[in-house]
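See structure below.
Model, not experiment: these values are computed from the prediction.
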Amino acid sequence: MKWRAYLVLIAAAICIPAHAQSPGGTLARIKDAAEITLGHRDVSVPFSYLDENQKPVGFAMDLCAKIVEEVKTELKLPSLRTKLQPIQLSTQIPLIQNGTIDIVCGPATNTLERQKVVAFSDTIFVSSIRAVVKKDGAIKRFEDLNDKLVSLTTGSTSIALLASRAQEKKFQTKNVMSADHAASFLALTTGRSEAFVMDDILLASLIANSSDPGDWRIIDDSLRTEPYGLIIRKDDPDFKALVDKTLVAMMQNGQFQALYAKWFMSPIPPRNVNLNFPMTPPLKDAVANPNDKGV
């Protein structure tokens, strides 16, 4: 009986390493389904949007494509299928949580509040929350928005940040809520609001692709600097390690910088507009020192 118990213990010990090496969490789901699902945005230029052929393209889409290649290698599944799932700002986290998508390929602010329910990759961009207004208007600071109609996108961090500044500086805004950034910007350009508060790079892309780019300007005042990361499921260390390893390798071998130049410093579809948005010092620091710190 003692020898039998001893053999059972040895068998169990032998099995432990094999089990530990098998993929878990998201990687296990992907392997079982032979499919990975990417969540993409429709209008978040230049991160994730639809080109003239209604194909999802952008900086975040290219980063995710590289991650997919690493997943294929890790799981030894060269024929792994890639499924594309449209998402909005307000649906991206629920769709990660319920397993509909495996990774959000779009601009997403890494906040401590969101970290309670999802995880983020290492930082891929750093933005500043500002406002776009009419070029010849008098609005210079957020305090100038007192009693004015302001466009905001449902689910964005801009909502709470603007409310906090308004409380601090003793002013009030009349908020016009929209489901996506394109609708928020449309409210501004059609006179239904006097400002649209959002991440500066997204504002820059909306202006660059508008019919009259010269009619608009982004104010210098900022509510907060925010890091972007790719959203993945919480408590999934294996998948996060693969995602971060992929991004860090790209940052070290120059692929990340090349993709940045492609999407932020060169003409991009569908109208061949150049955003001319160089890497900011905070982003350069995040590339030199990869991290997933939230705000």
Side-chain angles (χ1 to χ4, degrees), residues 41 43-48 59-60 88-90 92-93 104 106-133 139-146 148-178 180-181 184-185 188 193-207 216-231 260 264 275 277-295:
R41 305 276 282 278
V43 293
S44 295
V45 180
F47 296 93
S48 179
F59 179 61
Q88 291 184 338
L89 188 63
S90 58
Q92 58 186 3
I93 289 179
V104 172
T109 302
N110 181 354
T111 69
L112 299 179
E113 188 64 27
R114 286 174 173 172
Q115 284 181 13
K116 295 176 182 178
V117 292
V118 294
F120 288 83
S121 71
D122 284 343
T123 298
I124 63 167
F125 190 80
V126 181
S127 71
S128 185
I129 305 301
R130 297 195 276 169
V132 56
V133 298
I139 298 172
K140 307 289 185 184
R141 306 172 303 161
F142 283 99
E143 290 88 321
D144 297 331
L145 297 175
N146 186 42
K148 289 181 170 56
L149 293 164
V150 177
S151 291
L152 292 164
T153 302
T154 302
S156 69
T157 58
S158 305
I159 301 170
L161 291 172
L162 179 60
S164 177
R165 175 67 70 86
Q167 184 178 21
E168 177 189 353
K169 297 297 183 179
K170 305 290 190 291
F171 67 92
Q172 290 186 329
T173 60
K174 302 171 185 176
N175 297 341
V176 179
M177 308 303 298
S178 298
D180 58 50
H181 304 324
S184 293
F185 188 62
L188 171 65
S193 72
E194 295 186 58
F196 172 29
V197 180
M198 184 45 61
D199 308 31
D200 54 1
I201 181 56
L202 299 180
L203 296 179
S205 67
L206 288 165
I207 292 171
W216 312 100
R217 63 177 168 84
I218 300 175
I219 66 174
D220 292 332
D221 197 5
S222 172
L223 294 177
R224 183 170 70 179
T225 297
E226 298 191 336
Y228 288 0
L230 304 174
I231 299 179
Y260 188 93
F264 294 86
L275 300 182
F277 202 94
M279 275 197 186
T280 60
L283 178 55
K284 289 180 180 178
D285 182 66
V287 171
N289 304 283
N291 68 86
D292 61 356
K293 294 178 182 177
V295 292

Report yes or no: does S156 contribute a side-chain atom to a donor-acceptor pair with the main-chain N or O of L152 at less than 3.5 Å? no
Residues two or more places apart in sequence or in another chain: which of them pass side chain to side chain donor-acceptor pair (under 3.5 Å) with K116? E113
Would you tell me whether T153 and S178 have side-chain atoms, one donor and one acceptor, within less than 3.5 Å of each other? no
Hey, does the side chain of R41 reach the backbone of P107 with a donor-acceptor pair shorter than 3.5 angstrom? yes
Given side chains that start at C-beta, do those of V150 and V197 come closer than 4.5 Å, heavy atoms only? yes
Under the side-chain contact (heavy atoms from CB on, under 4.5 Å) rule, collect the residues that match up with P278, sequence neighbours excluded. M265
Can you tell if the side chain of L162 reaches within under 4.5 Å of the side chain of N175, non-hydrogen atoms only? yes
If only side-chain N and O atoms count, and only distance matters, is there a donor-acceptor pair under 3.5 Å linking T157 with E226? yes
Go through the structure and list residues passing salt bridge (Lys or Arg N to Asp or Glu O under 4.0 Å) with D221, not counting sequence neighbours. R165
So, using side chain to side chain donor-acceptor pair (under 3.5 Å) as the criterion, who are the partners of N110 when residues are at least two apart? Q115
Side-chain donor-acceptor pairs under 3.5 Å in residues 288-295, sequence neighbours left out?
| residue | atom | partner | partner atom | Å |
| --- | --- | --- | --- | --- |
| N289 | ND2 | D285 | O | 3.3 |
| N289 | ND2 | D285 | OD1 | 3.1 |
| N291 | OD1 | K293 | N | 3.1 |
| N291 | ND2 | N289 | O | 3.0 |
| D292 | OD2 | K240 | NZ | 3.0 |

Using the six-membered ring wherever Trp is involved, compare the ring planes of F125 and Y228 and label them parallel, tilted or perpendicular (cut-offs 30° and 60°). tilted
State, without any angle test, whether S193 and S151 hold a side-chain donor-acceptor pair at a distance under 3.5 Å. yes
Using the side-chain contact (heavy atoms from CB on, under 4.5 Å) criterion, which residues pair with L206? Sequence neighbours excluded. H181, F185, F196
